[in-house]
Amino acid sequence: MKKIVLLGFTLMFLFSCNKKDDVDDGIIKQGNGKVWLSGGLWYCAEQIHLDNGDTLIVSIEEIISFKTDDRVNVKYKELGINEFCSPFIDCEIIEIKKVE
């Protein structure tokens, strides 16, 4: 009986270690939106406001060639929720291009 209980705890532990975080690792998403550059905030100063309502926090190096209100198509990977301007999403830009 003790072996069965021990086996049950072991299986429960193994399966609980396979839980995913809130962010899907490795999934590349794509969307259209507008660039927003505040020019004054330390955190969250460079954003992409997606048409689906999400707001991506990006680094200035990734969008330096764009101006505020430029329409873009962006492929990105979510890194997590930004701790300074939640519920905005920190992301890594895979590809970004201007759309008309």
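All figures in this text were calculated on a predicted structure; none of them were measured in a lab. Keep in mind that the numbers below use all heavy atoms, side chains included, and drop hydrogens, waters and symmetry copies.
- Screening residues 67-100 for disulfide (SG to SG under 2.5 Å) gives C44-C85 as the qualifying pairs, with residues at least two apart or on separate chains.
- Taking D70 as the reference, nothing meets the side-chain hydrogen bond (donor to acceptor under 3.5 Å, both in side chains) condition, with sequence neighbours excluded.
- Residues V74 and I93 form a side-chain contact, since some pair of their non-hydrogen atoms from C-beta on lies under 4.5 Å apart.
- With sequence neighbours left out, I64 forms a side-chain contact (heavy atoms from CB on, under 4.5 Å) with I60.
- Under the 4.5 Å side-chain criterion, counting only non-hydrogen atoms from C-beta, I81 is in contact with I89.
- Among residues two or more places apart in sequence or in another chain, the salt bridge (Lys or Arg N to Asp or Glu O under 4.0 Å) test is passed with D69 by none.
- Closest non-hydrogen pair, E62 versus I96, comes out as O-CG2, 4.0 Å.
- For the residue pair F66 and L37, the shortest heavy atom distance occurs at O-CD1, 3.6 Å.
- Side-chain contact between Y76 and L50: present, with at least one pair of heavy atoms (C-beta onward) separated by less than 4.5 Å.
- Here the closest heavy-atom approach between residue I57 and residue Q47 is recorded as CD1-CG, 3.7 Å.
- Screening residues 48-80 for disulfide (SG to SG under 2.5 Å), with sequence neighbours left out, gives no hits.
- Using a 4.5 Å heavy-atom cutoff, the side chains of V72 and V99 are not in contact.
- N73 pairs by the side-chain hydrogen bond (donor to acceptor under 3.5 Å, both in side chains) definition with Q30, N32, not counting sequence neighbours.
- E61 pairs by the side-chain hydrogen bond (donor to acceptor under 3.5 Å, both in side chains) definition with S59, not counting sequence neighbours.
- Atoms CD and CG, on E83 and D90 in that order, are 8.0 Å from each other to the nearest 0.5 Å.
- Between D51 and R71 a salt bridge is recorded (basic side-chain N to carboxylate O distance below 4.0 Å).
- A 4.5 Å side-chain heavy-atom check between K75 and K29 finds every atom pair outside the cut-off.
- Pairs engaging residues 78-100 under the ring-ring contact (aromatic ring centres under 6.0 Å, His included) rule: Y43-F84 [sequence neighbours left out].
- Taken from CD in E46 to OG1 in T68, the straight-line distance is 9.5 Å, to the nearest 0.5 Å.
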